[in-house]
Amino acid sequence: MASVEVERVRRLIDGLRRDRRTHPRHGRGEYSRLARDVVAACEALIESECRHDVPALARRAVDLVTTALRYVDDSSGVLGDDLRALMAVHARACPAAPPDPKRLAGWLEKLRLDGPGWPDFELRDYAAALGEKGRAELARRVQDRARTAEPDVFGSTPFGIRVLREQLAEISGDVDHYVAVLAENLHAAPQYRKIVDVLWNAGRAAEAERWARRGLEIGNSVDKGKLRDVYVDLLLERGATDEAFALRWQLFDGNPIKTNYDDLRRTAERIGDWPAVRDKAVSRLRDATAGQPAYADHLIGVYLDQGELDDAWQTAVDHVEVLFDSRWQQLIELRQPIHPGDVIKPWQRLVQRRLDTSTDKYRYGKAIEMLRRLRDAYRAVGDVARFGTYLDHLRDRHKRKTSFIAKLDRAGL
């Protein structure tokens, strides 16, 4: 019975072979379902007496799907998810039935360095199966590749080799060696964060803090957010509350956007100073909005989070033209149940904007949904006749949009 089940799974995997001449979009759903069936079948085998067959089966499935993805349109990412699931099954199967460690090392090397860029994997998932012998073999192979590899466009070690070296250092258990390898590529804040996490997890908080501070001095501000969060955590753990708060306030004061406001709030709440800071922070955001209307959306977001709906509405009314339609629609939906008369003109403005958006092929349907909500607002204030007048004028203004007029007729508007 065991061999029968293995043979059944092997036949399933045979179905993952895909003719490269097949249209890239043909049969994608069926192929994905088959890949998931293979995942489920391999997982079941891991729990059976056939567990020793799973590494080879899963590896073959991974190889077939990896090749198939070269010729399939996977813009949805579904097949990529299926491939990651197959890799996870393979990684899980290896400790239960370890393959030859040197062969495993060779396969992982080829996947990372000779493949098309997928699948991704973490060596930590294979640490037990590789063992000392497999890690040494993989390290030797990576070193050989590094000696002959051409630098990338940035003049650095190619990405795949760099990833394998870092992951080998990670599973070595030697923190200093791991940090040294990570420090060979300090071009962006996320790399500093890896070093900080390693040191912090090793109980070396002071060193982690120094590396975090160093990382915040380089690179662009976009990729520093997570590193800054870790740095603030380190400061708070050390009891340096004034320094942590000063860092948050300096960033918010220089660029009072909602993200920086939220970061300031979380830090101040941990310190216990938020009630005293809140009014100052909102005042700073108001001043910024007065000087630069583009900050209005950030101020509205703050007001909404605090339940100050009237202030949010008034800010929107004062800055009509700078807000996205999505923000206006959110505010209108909140305002309409209590103040339906206030939303009539904003709804009319949104309807017109939608009809003018020629690049949106769904604009007529969206406009009609807005018109229904506008009709509800007119009804709520007891003035349905004015809605009829408005609708007559709208029809006349857009009478050449025959598709829109037809949709209005079908909608009973």
Side-chain angles (χ1 to χ4, degrees), residues 66 80 83-84 87-88 91 104-132 134-235 247 251:
T66 297
L83 180 56
R84 281 187 287 274
M87 276 299 290
L104 177 60
W107 183 65
L108 293 174
E109 174 216 3
K110 287 182 171 57
L111 273 185
R112 178 67 73 186
L113 302 182
D114 298 330
W118 59 80
D120 195 13
F121 59 88
E122 297 288 338
L123 284 185
R124 72 174 74 99
D125 297 331
Y126 288 95
L130 284 167
E132 186 176 344
R135 292 197 300 272
E137 174 67 14
L138 183 54
R140 182 190 65 77
R141 287 171 172 267
V142 172
Q143 187 175 8
D144 289 345
R145 290 291 194 107
R147 276 198 293 265
T148 59
E150 293 290 333
D152 63 17
V153 293
F154 302 106
S156 302
T157 302
F159 176 76
I161 292 175
R162 194 164 67 241
V163 168
L164 285 177
R165 290 192 70 247
E166 289 179 5
Q167 292 184 5
L168 279 165
E170 178 190 11
I171 64 177
S172 72
D174 184 335
V175 171
D176 291 322
H177 173 57
Y178 187 20
V179 169
V181 172
L182 290 172
E184 293 173 3
N185 176 44
L186 296 175
H187 300 303
Q191 192 77 351
Y192 284 87
R193 189 187 172 207
K194 288 181 184 178
I195 294 174
V196 171
D197 288 342
V198 170
L199 291 169
W200 198 5
N201 291 334
R204 295 157 62 172
E207 293 174 74
E209 187 178 321
R210 287 195 294 273
W211 274 99
R213 185 163 49 246
R214 180 179 166 188
L216 291 173
E217 295 171 354
I218 63 98
N220 61 71
S221 60
V222 175
D223 64 0
K224 291 182 182 178
K226 292 181 179 179
L227 178 61
R228 188 180 295 107
D229 290 341
V230 175
Y231 182 50
V232 168
D233 288 341
L234 285 162
L235 291 173
L247 177 67
L251 190 66

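Reckoned from all heavy atoms, side chains included, excluding hydrogens, waters and symmetry mates. Every value quoted in this text rests on a predicted model; they were computed, and no experiment measured them.
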Legend entry - Shortest non-hydrogen contact between Pro158 and Ala149, atoms and distance: CG-CB, 3.9 Å

Inset, instruction - Run through Arg165, Arg141, Arg140, Arg135 and flag the one making a salt bridge (Lys or Arg N to Asp or Glu O under 4.0 Å) with Glu109. - result: Arg141

Inset, instruction - Provide the closest heavy-atom pair for Ala169 versus Ser172 in the form atom of the first, atom of the second, distance. - result: O-OG, 2.6 Å

Inset, instruction - Give the minimum heavy-atom separation between Trp211 and Tyr192, together with the two atoms involved. - result: O-CD2, 3.6 Å

Inset, instruction - Please confirm whether the backbone N or O of Gly106 pairs with a side-chain atom of Glu137, one donor and one acceptor, at under 3.5 Å? - result: no

Legend entry - Steps toward side-chain contact (heavy atoms from CB on, under 4.5 Å) verdict (Glu184, Thr157): CA-CA 10 Å; Glu184 293 173 3; Thr157 302; over 6 Å; no

Legend entry - Stepwise salt bridge (Lys or Arg N to Asp or Glu O under 4.0 Å) check, Arg193 with Asp229: CA-CA 10 Å; Arg193 189 187 172 207; Asp229 290 341; over 6 Å; no

Inset, instruction - Decide side-chain contact (heavy atoms from CB on, under 4.5 Å) for Glu209 and Val196; before the verdict, give the C-alpha distance in whole Å, the side-chain angles of both, and the deciding distance to 0.1 Å. - result: CA-CA 7 Å; Glu209 187 178 321; Val196 171; over 6 Å; no

Legend entry - Worked check of side-chain contact (heavy atoms from CB on, under 4.5 Å) between Tyr178 and Asp174: CA-CA 6 Å; Tyr178 187 20; Asp174 184 335; over 6 Å; no

Inset, instruction - Could you grab the distance from atom NZ of Lys194 to atom CG of Leu186, nearest 0.5 Å is fine? - result: 11.0 Å

Legend entry - Lys226/Asp197 ion pair, N-O < 4.0 Å: no

Legend entry - Heavy-atom closest contact (Leu113 atom, Gly160 atom, distance): CD2-C, 3.4 Å

Legend entry - salt bridge (Lys or Arg N to Asp or Glu O under 4.0 Å) between Asp144 and Arg147, intermediate numbers included: CA-CA 5 Å; Asp144 289 345; Arg147 276 198 293 265; 2.3 Å; yes

Inset, instruction - Inspect the surroundings of CZ in Arg112 and state if more than 12 heavy atoms from other residues, nucleotides or ligands are less than 6.0 Å away. - result: yes

Legend entry - Any side-chain heavy-atom pair of Asp152 and Phe159 under 4.5 Å: no

Legend entry - Any residue meeting side chain to side chain contact (heavy atoms under 4.5 Å, CB included) with Leu123, in chain and number order, not counting sequence neighbours: Leu108, Phe121, Leu130, Leu138, Leu164, Gln167, Leu168, Ile171

Legend entry - Side-chain heavy-atom pair Leu251, Arg228 within 4.5 angstrom cut-off: yes

Legend entry - Arg145 side chain near Asp114 side chain, heavy-atom distance below 4.5 Å: yes

Legend entry - Residues forming a side chain to side chain contact (heavy atoms under 4.5 Å, CB included) with Pro151, sequence neighbours excluded: none

Inset, instruction - Heavy atoms only: give me the nearest Glu207-Arg204 pair and the separation to one decimal. - result: OE2-NE, 2.8 Å

Inset, instruction - Could you tell me which non-hydrogen atom of Lys224 sits nearest to which non-hydrogen atom of Glu217, and how far apart they are? - result: NZ-C, 4.1 Å

Legend entry - Gap separating the CZ atom of Arg213 from the CG atom of Leu235, nearest 0.5 angstrom: 7.5 Å

